[in-house]
Each structure stands twice: as structure tokens, then as C-alpha cells.
2 protein chains.
Amino acid sequence: MSYTIGEVAKKMNLSVHTIRYYEKEGLIPSISRTKSGLRTFEDKDLEWIKLIECLKATNMPLKDIKTYIDWYVEGDSTIPQRYDMFLKRREIVENQIKELQKTLSFINFKCSYYENALKAGTTKTKEVLYK
Amino acid sequence: MSYTIGEVAKKMNLSVHTIRYYEKEGLIPSISRTKSGLRTFEDKDLEWIKLIECLKATNMPLKDIKTYIDWYVEGDSTIPQRYDMFLKRREIVENQIKELQKTLSFINFKCSYYENALKAGTTKTKEVLYK
DNA sequence: ATTAAAGCTTGACTTAACTTTAAGTGTCTT
DNA sequence: AAGACACTTAAAGTTAAGTCAAGCTTTAAT
């Protein structure tokens, strides 16, 4: 089963521009083509794209993602680097989650603060203490 | 108690450039100055900066943060908008946390995958199934 | 009183991650 | 067969969020 770039864009919720850009930047290794030059995407290419989106979701810059992909392409000799990268990324993500949880409780406070302010019609009441 | 821009930069772990930039963009309302024009930061200004950092941590763009600050400056008439903004932000943050948790379990999988690959010296073993 | 460190402003520059444009070729639908 | 639409490359443009530089002033320490 293979897909056109437009199908992949729809499936992955990306623009076709972006997919071409990812390929150009070396983030999707070896996409095959038809004789006439059209890209034909296989499931393995979709897996790469999912990986990119996943790492991107952790704020990993594309150039670091590319470094990983280069390591992957290089083969078994880069297993230590790749392992190390995922260990570091795990720590980063764990910290991001903690950070967001702190932020969430701050936002929860603001929500109830403004809920009160909304009832009172003002932020200038006794119960309303912060901005 | 008041601080110079350099002190604030150190305290908040930002560059002085960034703080001036935030002021220029209207993210910190009414920083007072000495007669000679130096900025003097009060605790309320630090609170604003903390708020900016906090919202930024949720990937909120500076211009949306500015919108909030403008509402704040405008006064009680904008309480509904501000309430609404925090409600929306809460949902966004909750989703971000969920998303990161999914990503984390993916990364955990990769970590153990590469831990095995490291022992085996290769990714091409029976136990090692994915890229 | 000097002088180094820290501040000031304006405006240009940078980086990341796209996005658009231009100018054209290939494919599908009626 | 015609028109719409998807695809190509290369390069320029955009946006967000800073970052830096130049040239000058203020402040703190000796």
C-alpha cells in the first residue's frame, strides 16, 4: 500500500509543503518515487513522520531530530548515542510534565479567582486578593 | 524594595534584552523610572514577569499574553474575557499534559528497546522489533 | 575625580520552522 | 481534448521571539 503526498498530508494533518520540507531537511530518509518523479509513501514513511511529530511535541528541534535520523541511517555503531538521546529526552519530557502540572494549578487558581470576580462584577473585593 | 533590570534578569533567569523586549511589547505595564531614566522594578513587576513565564510555559504566544494584559489594564469590564481565557488555557494545558504522557510512554518504549539493542550490540535481533 | 560596570535607545540581525511564489510538468475527470 | 488539480524544484518571504551593536548616559567604587 502506498500513498501520494496529498494523502499523507491529510492522514497526518500536515501540509504537503511541510512534508516536502521535512524530506528536504533529511527528516524522512529515502522516500521512493515513481518514474515520473512523484513521491510514493509507504507505511514506514508514515512511521517516520509519526516519530517526527512525537519528538516535535516535546519541543525537540528539527535539527536534533535529524541528528537522530542520521544516527539511525548510520547503523548499529550509533546505538549508544541513540540510547543516550532517548534517556535525555525522557528526562526532559518528565520535567515538562511537572512544569505543566505546576502551571495547571496556577491556572486553576486563576479560574476560580475570575469565577468569583465574575459573580462580584469586580476584582476589587475582599475575597479577591491577586491580579 | 526595588530592583535594577540587571538584578531582575538574574532573579528571573532572563536576559536584560528580553526584559526590555517584554516591556516594549507591552507585556509589563508601567515600569517606573528614575529621573535619569533607569527602570526601577517593584515586586508587582516581578509578578508580571512570573505570569509571562508561566503562560509562556504553556506555549501561549506573547501576543495572546499581551491581549490578557491589555484586558487587565482595561479593568473590570473585561473580567468575562479574562475568565474565558483561563478556562480555555486550562483545557489546552490539560491536553498538553495528556499528549506528553503519551509521548513519554513512547519514549520509555524506545529506551528499553535501545537498552536491549545496546546489550545485543545490534538492532537486528529477534527481541528488537521496531526502529 | 576617574573609571569601569551597568543602563539607555534605536534599529538591524538571527534562528527555527515553516509558507509562498514562480514557473513549469504530470494526471484525472468529464 | 480541455480544464482542474496535484506534483516538481529552487529560492524568497514570513512570523515569533529574541539577540546584538553602536553610541551615549548614569551610577558605584576606588
Side-chain angles (χ1 to χ4, degrees), chain A residues 2-28 30-42 45-46 48-70 89 92 96 99 103, chain B residues 1-28 30-42 45-46 48-70 89 92 96 99:
Chain A
S2 81
Y3 314 91
T4 67
I5 197 168
E7 285 163 351
V8 175
K10 200 160 285 170
K11 230 178 154 71
M12 297 284 125
N13 210 26
L14 292 169
S15 77
V16 297
H17 304 296
T18 302
I19 296 170
R20 290 193 201 112
Y21 170 74
Y22 285 172
E23 189 201 20
K24 203 180 80 185
E25 296 299 305
L27 298 177
I28 312 168
S30 66
I31 298 169
S32 54
R33 307 275 185 133
T34 64
K35 279 134 285 170
S36 55
L38 305 196
R39 290 172 186 81
T40 54
F41 291 79
E42 309 297 326
D45 300 311
L46 301 193
W48 278 117
I49 293 172
K50 275 182 210 155
L51 176 72
I52 294 166
E53 293 309 293
C54 182
L55 293 176
K56 242 165 52 78
T58 73
N59 290 315
M60 187 162 173
L62 296 188
K63 79 168 163 43
D64 293 359
I65 300 177
K66 171 155 173 47
T67 300
Y68 170 73
I69 288 165
D70 290 344
R89 194 50 36 189
I92 290 169
Q96 284 174 337
E99 191 60 38
T103 301
Chain B
M1 182 67 192
S2 82
Y3 314 90
T4 66
I5 195 167
E7 286 163 351
V8 175
K10 200 159 286 173
K11 233 178 152 69
M12 296 285 127
N13 209 26
L14 291 169
S15 77
V16 296
H17 304 297
T18 302
I19 296 170
R20 289 196 199 108
Y21 170 72
Y22 284 172
E23 189 200 22
K24 203 181 82 188
E25 296 300 304
L27 297 176
I28 312 169
S30 67
I31 296 170
S32 54
R33 305 272 185 135
T34 64
K35 282 135 282 168
S36 54
L38 304 195
R39 290 171 183 84
T40 54
F41 292 80
E42 309 296 326
D45 300 311
L46 300 194
W48 278 118
I49 294 173
K50 275 181 210 156
L51 176 72
I52 294 167
E53 293 308 294
C54 182
L55 293 176
K56 242 166 51 77
T58 73
N59 291 314
M60 186 161 174
L62 297 188
K63 77 169 168 36
D64 293 359
I65 300 176
K66 172 156 174 46
T67 300
Y68 170 74
I69 288 166
D70 291 345
R89 192 53 32 189
I92 290 168
Q96 284 175 338
E99 191 60 38

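Only a predicted model underlies this, so the values are computations on that prediction, with no experimental measurement involved. Naming convention: chains lettered A, B, ... in sequence-line order (proteins, then strands); numbering from 1 in each chain.
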Atom of B/Asn59, atom of B/Arg89 and distance for their closest heavy-atom approach
C-NH1, 4.1 Å
Nearest atoms (heavy-atom pairs only) where A/Ile69 meets A/Leu27
CD1-O, 2.9 Å
Between [options], which one does the side chain of [X] approach most closely?
X       : options               : answer
A/Ile5  : D/dT8, C/dC18, C/dG7  : D/dT8
A/Ser15 : C/dG7, C/dT19, C/dC18 : C/dT19
A/Arg33 : D/dG18, D/dC20, D/dT9 : D/dT9
B/Leu38 : D/dT26, C/dT21, D/dC7 : D/dT26
B/Ser36 : D/dC20, D/dT26, C/dC8 : D/dT26

Can you tell me how far apart CE (A/Met60) and CD1 (A/Ile92) are? Round to the nearest 0.5 Å.
8.0 Å
I'd like to know if the side chain of A/Thr40 pairs up with that of A/Ser32 as donor and acceptor (distance under 3.5 Å, no hydrogens or angles considered).
yes
Would you tell me whether A/Thr103 and B/Thr58 have side-chain atoms, one donor and one acceptor, within less than 3.5 Å of each other?
no
Heteroatom pairs (N/O) under 3.5 angstrom, protein to nucleotides 11-16 of chain D:
none

Return the value, rounded to whole Å, for the distance between atom CE of A/Met60 and atom P of C/dA17.
11 Å
Want to settle it: does A/Thr34 or A/His17 sit nearer the 5' end of DNA chain C, counting the closest nucleotide to each?
A/His17
When the nearest nucleotide of DNA chain C is assigned to B/Arg20 and to A/Lys56 on a heavy-atom basis, which residue is associated with the more 5' position?
B/Arg20
C/dC18 phosphate, OP1 or OP2: any side-chain N/O from A/Tyr22 under 4.0 angstrom?
yes
Test: B/Lys66 and B/Glu23 ion pair at under 4.0 Å
no
Under 4.0 Å, counting only non-hydrogen atoms across every strand here, what does B/Arg39 touch: a base, just sugar-phosphate, or nothing?
sugar-phosphate
